[in-house]
Amino acid sequence: MTKTNLTELTLTEAKDGLARKEFSALELTQAFIEAMEQNRHLNAYVTETPELALEQAKASDARLAAGNAGKLEGLPLAIKDLYCTKGVKTTASSKMLHNFVPQYESTVTQNLWNEGAVMLGKVAMDEFAMGSSNTTSYYGNVISPWKEKDRPEKELCPGGSSGGSAAAVAGRLALAATASDTGGSIRQPAAFTGLVGIKPTYGLCSRRGMIAYASSLDQAGPLTHTVKDAALMLEVMAGHDPLDSTSLNVEIPNFSSLLKSDLKGLKIGVPKEYIEGLGDEMLAEVNKGIEWAKSQGATIHEVSLPMTSYALPAYYVISPAEASSNLARYDGVRYGLRVEGSTLDELYENTRREGFGMEVRRRIMIGTYVLSAGYYDAYYLKAQRVRTLIQKDFERVFKEVDLLLTPTTPGSAFALDEKPTDPVHMYLQDIYTVTVNLANLPGIAIPSGLDQQGLPLSLQLIGPRLSEQRLLNAALALEECAGFSSLVKDLRKAA
């Protein structure tokens, strides 16, 4: 195996290659560092850490030689820039934190290092995870490695907010990446770039050390090339954390060793509200998924989630409300950017005006408004009641079926210069994903095919709370039916 094609491996293929001593962790890491240098035009990485990566790879080679390798020993990963990494800059892609160097490690990344993973660097995101296109970053737009067939000159959106994670993995600049999902920020970028992205049950992964956007919705998860890779990453990232009061104290299954292609006997629900108004291409994709599920022994059932139409408005009340509270800590006094003023109030105003971008300021304003006296009952409390009704919708449906099959996004990726300019239109990118966060459920996006422009389309499976193993097994079955990796083998082009 040559150094060049090492970057074409999946996470599990690289793990197996290291175990067979076909190459070293140092050679594998060096190959990805060279790929990062050659593809900086994608703007995937905010901070590259090649020296640290090579140092970690050397240590991994020593552990591999000694026979005490971890589950991710010597495997180079990209880390979304909202995970605090001790001694390495963590910016949340915001000017507010452009020089912030954490003094501690997030629990999720510490779990990765404990199993021998190698950090290539920190990857870009929408500022404070607020966005669906990775165009709100202080460090500029991230570009997808995918190209339209008819317009190869167009730069495409990698999705958001985990756009840097998606571009790094799809562009073969990392074997896999950490991401986070508040309303679809793992699954929508996965859909736009032909990757697998799983948002686990709320609390399965610790939020300690993740820079908060909306605390009751944020959840960590991986972006990978395959379902098998996703299972391996998730079992390492997940686990109870006594330092996070929302962390679930449950046993984490060994997802990767228990993984098997399995849809037989499962009842798959297709919510009619997710199909109404769907475009022809995406509707055909859902119908393909239905036929694949039937061919694997599942039965299909039409179900109804009548509160679906209220999910997006409720989400865009609750998440800005929590964001306005979480981001109040950035005032120029304790840490982050500081812009002086003649009074303390002026220091606050100057710092927050200069430190936050337009989308962050918009959501803080919305959040402050819906929490203000006179409007709290009318907006915030009403949205919380809608959230409860959405959760009850899912509880009722999961008494009838085992999993739900839906689109992940309304369509494929759009060109960066043709992105929706109306923020409300942009918010619709999350229309099929936000309900999962509001109900604290797990969901997984699986690449299913290509549209007429040769761009990825994606299906989503949603399961009951803590049904990750069932979701992964079903996703593996759909992945095998789709044959996506062989479908795009010769089509993926680095820009």
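- Between the side chains of Thr178 and Lys80, no donor-acceptor pair of N or O atoms lies under 3.5 Å.
- Under the 6.0 Å cut-off for aromatic ring centres, Phe128 and Tyr330 qualify, their centroids lying closer than that.
- Proximity of Ser256 to Asn254: side-chain heavy atoms (C-beta onward) are separated by under 4.5 Å at one or more points.
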**OP:** Begin with the C-alpha distance, continue with both residues' side-chain angles, and end with the deciding distance and a verdict on side chain to side chain donor-acceptor pair (under 3.5 Å) for Gln469 and Asn473.
**Re:** CA-CA 6 Å; Gln469 189 69 59; Asn473 291 349; 3.2 Å; yes
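- Among the candidates Thr408, Asp430, Asp181, the single residue satisfying the side chain to side chain donor-acceptor pair (under 3.5 Å) test with Arg187 is Asp181.
- Neither side chain, Lys288 nor Ser448, offers a donor N or O lying under 3.5 Å from an acceptor on the other.
- Using a 4.5 Å cut-off on side-chain heavy atoms (C-beta onward), Glu34 and Thr7 make no contact.
- Remark: the Glu127 side chain and the Ser94 side chain contain an N/O donor-acceptor pair separated by less than 3.5 Å.
- Aromatic rings from Tyr432 and Tyr274 are positioned such that their centres are separated by under 6.0 Å.
- Using a 3.5 Å distance cut-off with no hydrogens or angles, the side chains of Glu480 and Ser261 do pair a donor with an acceptor.
- Counting only heavy atoms from C-beta outward, the side chains of Thr224 and Leu175 never approach each other to under 4.5 Å.
- Aromatic ring pairs are classed by plane angle as parallel below 30°, tilted from 30° to 60° and perpendicular above 60°; the pair Trp146 and Phe484 is tilted.
- Here the side chains of Pro407 and Ser458 are not in contact, with every heavy-atom distance at 4.5 Å or above.
- Note on Glu418 versus Arg151: salt bridge recorded, some NZ/NE/NH1/NH2 to OD/OE distance being below 4.0 Å.
- Salt-bridge formation is not detected for the pair Lys272/Glu276: no Lys NZ or Arg NE/NH1/NH2 atom is positioned less than 4.0 Å from an Asp or Glu carboxylate oxygen.
- With salt bridges taken as basic N to acidic carboxylate O contacts below 4.0 Å, one links Lys122 and Asp81.
- At a cut-off of 3.5 Å, with distance as the only test, a side-chain donor of Asp218 or Thr182 sits close to an acceptor on the other residue.
- Electrostatic pairing of Lys228 and Glu479 does not count as a salt bridge here, judged by no charged N lying under 4.0 Å from a carboxylate O.
- Remark: the Arg40 side chain and the Asn43 side chain contain no N/O donor-acceptor pair separated by less than 3.5 Å.
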Subject >> side chain to side chain donor-acceptor pair (under 3.5 Å) evaluation trace for Ser161 with Asp126 >> reply: CA-CA 5 Å; Ser161 67; Asp126 279 300; 5.3 Å; no
